[in-house]
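Only a predicted model underlies this, so the values are computations on that prediction, with no experimental measurement involved.
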Amino acid sequence: MEILTIQRTSNILSSAKVGTWDPVNGLNLTARLFVFKNSFPPNKTLRIVTIEEAPFVVKEDTVDGPRHTGFCIELIKKIAEDLDFKYQIYDVPDKQYGVKEGDGTWNGLIGEVYYDRADIALAGMIINSDREEVIDFTKPYMNYGVGILMKKPQEQHNVFAFLDPLAWTVWFSILAALFVVGILVYVLDRLSPYSSYRSNDRSPDVDDFNFRNSMWFAFASCMQQGGDNTPISISGRILSAAWWMFALIIIATYTANLAAFLTVTRMENPINSLEDLAYQKKISYGTINGSSLQKYFEKRKHTGIYEIMWSYMNSDEHLPENSPWVESDKAGYNRVSEGGYAFFWDAPILDYIKQAECDLMTVGKPFNLKGYGIATAQGSPYRDKMSMAILKLQEDGELEDMRKKWFERESSCSDDPANLARNANANEIGLSKIAGAFYILMMGIVLSFVVVGIEHMTSNKYKGKKRNNFDNKYESDWRELRPRNNGIMKNSPHIVVRNDDSVVLSPLRPKAWNTSINTESAC
């Protein structure tokens with residue numbers, strides 16, 4: 001009896017004799033079991049099927065016709081140089097990566113390899129268990145994860161952004177402290193025996209620290225401008241020193257935080273993880289219809305938050321135009337740009353897309369971590385050789401250089417972390433962020449002119465009333481002193497008051513010199 005081994009190459013079954021067996025001689029093996037020939041067929045050009053998705057595969061129009069470029073194309077070029085084979089690339093007809101249909105057949109890239117229409121499927125294709133049942137994959141050439149693409153929230157402009165470094169409770173506390181210190185300065189100036197109020201040299205009409213001046217002293221000190229006068233008593237100076245130290249600390253703290261608050265764009269985003277997305281209803285979410293990622297959510301529809309998400313995405317309440325499923329990755333990007341939609345797709349591709357689409361961003365950490373691989377038929381002689389070539393490229397650092405070349409392009413977005421770090425010393429503070437300071441200045445100017453008008457009106461009334469009181473006071477005093485003898489005021493022979501109350505001063509000169517008269521009688 002012959003012993004055969006069966007090998008499947010490119011989905012074609014073949015057998016080979018490896019020995020014989022008979023009851024007399026027993027088992028006689030002429031070849032090692034389960035060791036198959038694994039080398040490239042000579043003079044064979046490999047048929048490679050692919051699908052366009054930047055930056056893995058990019059299709060460009062040239063004068064010589066369409067040409068494929070991208071990360072995967074450069075990868076297969078290096079592998080072909082190492083293993084010395086030729087290849088031809090064509091696009092998959094149905095534009096699908098490949099999932100199992102309801103009738104058990106496979107479509108897309110997987111179907112092309114499984115039904116032996118292609119030797120290799122080359123694209124950003126994920127290695128998963130369903131695909132491994134019908135085809136083989138090389139070693140992963142890049143890590144994979146699912147990312148969430150969303151539209152950036154609108155930037156919030158606040159004309160009073162200069163108030164943000166301190167909480168409102170702090171601002172109100174500072175205002176309260178200002179009034180308290182002003183009152184205490186006034187009280188101490190009244191209580192202290194060494195204050196300017198109790199000084200013997202003080203003019204009765206001057207009060208350096210009345211309530212108004214005390215409040216002004218507290219406010220001016222807080223603004224680091226100083227008042228018109230400073231307390232001269234020890235108690236007043238201690239209070240002033242404490243207030244100055246308080247103002248110094250507050251201003252230093254405020255100034256240190258002001259630059260950070262005015263230069264950093266503050267955008268509030270309510271979605272920061274997969275869990276946040278699952279437990280809200282405002283933003284719709286989904287992925288490509290018929291993709292392996294859709295199958296991933298379906299398989300986990302009875303697990304944790306995936307049950308909530310699958311129930312939402314598979315609900316019949318969605319209108320056709322608001323369906324969570326999209327037909328292609330570009331349709332998903334466009335829908336995200338319109339707002340109100342989150343798109344699940346490969347995290348490396350989404351990171352690439354957001355570098356050019358500045359209104360898009362990725363949120364949360366990637367999930368469903370796997371790897372990208374090159375697909376071959378089961379038992380294909382190409383898989384192991386290509387896997388070894390991929391490992392060599394990884395060890396030599398060439399794969400990392402290729403990844404940086406194709407995935408980390410220079411971003412045109414001003415809020416990209418790299419651009420922010422590069423322009424950290426060149427950020428400008430826009431007027432919209434500090435316009436509130438100008439509003440306060442204008443309000444102060446208007447209020448000062450209103451007050452000066454009120455002061456003029458009250459001052460005229462006060463001066464008129466004070467002049468009348470002055471005239472009445474001195475008129476009464478004058479009339480009390482007016483008793484006179486023939487117009488001459490009593491005890492003042494040189495002052496003559498007429499009947500109309502006018503005053504005439506007589507010359508002040510001594511009488512003619514008379515030596516007989518005592519000098520004491522002379523004026």
Worksheet, complete the sentence: Checking Y352, Y141, Y372 against F71 for ring-ring contact (aromatic ring centres under 6.0 Å, His included), the one that qualifies is Y141
Practice prompt. Please confirm whether the backbone N or O of K78 pairs with a side-chain atom of D82, one donor and one acceptor, at under 3.5 Å?
Written response: no
Worksheet item: Does some side-chain heavy atom of F343 sit less than 4.5 Å from a side-chain heavy atom of I288?
Response: yes
Item to complete: Salt-bridge test for R403 and E400: reply yes if a basic N is under 4.0 Å from a carboxylate O, no otherwise.
Response: yes
Practice prompt. Identify whether the distance between the nearest side-chain nitrogen and carboxylate oxygen of K299 and D130 falls below 4.0 Å.
Written response: yes
Worksheet item: Within the side chain of T138, is there an N or O that forms a donor-acceptor pair under 3.5 Å with the backbone of M386?
Response: no
Practice prompt. Take the angle between the ring planes of F344 and F297 and call it parallel below 30°, perpendicular above 60°, tilted in between.
Written response: tilted
Item to complete: May I ask you to decide whether K152 forms a salt bridge with D359, counting only side-chain N to carboxylate O separations under 4.0 Å?
Response: no
Fill in: K354 and T362 side chains, donor-acceptor separation under 3.5 Å
yes
Discussion item. Main chain of V326, side chain of R335: is a donor-acceptor contact present, judged purely on distance under 3.5 Å?
Written reply: no
Worksheet item: In terms of the angle between their ring planes, are W243 and F246 parallel, tilted or perpendicular, with boundaries placed at 30° and 60°?
Response: parallel
Worksheet item: Centroid-to-centroid, F56 to F407, below 6.0 Å?
Response: yes
Discussion item. Are Y382 and F85, when compared by the centres of their aromatic rings, separated by less than 6.0 Å?
Written reply: no
Worksheet item: Do W244 and S221 have side-chain N/O donor and acceptor atoms under 3.5 Å apart?
Response: yes
Item to complete: Report yes or no: does T303 contribute a side-chain atom to a donor-acceptor pair with the main-chain N or O of Y306 at less than 3.5 Å?
Response: no
Worksheet item: Are any of the side-chain heavy atoms of L399 and I390 separated by less than 4.5 Å?
Response: yes
Worksheet item: Do L166 and I174 come close enough that some side-chain heavy atom pair is under 4.5 Å?
Response: yes
Worksheet item: Is I76 close to I48 at the side-chain level, that is, under 4.5 Å between some pair of heavy atoms?
Response: yes
Discussion item. Check R67 with D64, please: is the shortest side-chain N to carboxylate O separation under 4.0 Å?
Written reply: no
Discussion item. If we ignore hydrogens and angles and just use 3.5 Å, is the side chain of N314 paired with the main-chain N or O of W310 as donor and acceptor?
Written reply: no
Worksheet item: Is a side-chain N or O of Y279 found less than 3.5 angstrom from the main chain of L274, in a donor-acceptor match?
Response: no
Discussion item. With no hydrogens and no angle check, just 3.5 Å: does a side-chain donor-acceptor pair link Y312 and Y285?
Written reply: no
Discussion item. Once rounded to the nearest 0.5 Å, what's the spacing between atom NZ of K86 and atom CG of D84?
Written reply: 9.0 Å
Worksheet item: Would you say the side-chain atoms of S387 pair up with the backbone N or O of R383, donor to acceptor, closer than 3.5 Å?
Response: yes
Fill in: Pair W171 + Y254: ring centers closer than 6.0 Å
yes
Fill in: D329 side chain reached by I349 side chain, heavy atoms, under 4.5 Å
no
Item to complete: Indicate yes or no for a side-chain donor-acceptor contact from D22 to the backbone of V24 under 3.5 Å, with no hydrogens or angles considered.
Response: yes
Discussion item. Test your reading of the model: is there a side-chain donor-acceptor pair from Q355 to the backbone of L350, 3.5 Å cut-off?
Written reply: no
Discussion item. With heavy-atom distances below 4.5 Å as the criterion, would you say the side chains of K405 and E74 are in contact?
Written reply: yes
Show me the side-chain donor-acceptor pairs of residues 87-100 shorter than 3.5 Å, one per line, residues at least two apart or across chains.
unit_1	atom_1	unit_2	atom_2	d
Y90	OH	E112	OE1	2.8
Y90	OH	R117	O	3.3
D91	OD1	H68	NE2	2.9
D91	OD2	K59	NZ	2.5
D94	OD1	Q96	N	3.3
D94	OD2	G108	N	2.9
Y97	OH	E53	OE1	2.1

Worksheet item: Can you find a pair of side-chain heavy atoms, one from P140 and one from K370, that are under 4.5 Å apart?
Response: no
Worksheet item: For V49 and L122, what are the C-alpha separation, side-chain angles and deciding distance, and is it a side chain to side chain contact (heavy atoms under 4.5 Å, CB included)?
Response: CA-CA 6 Å; V49 63; L122 179 68; over 6 Å; no
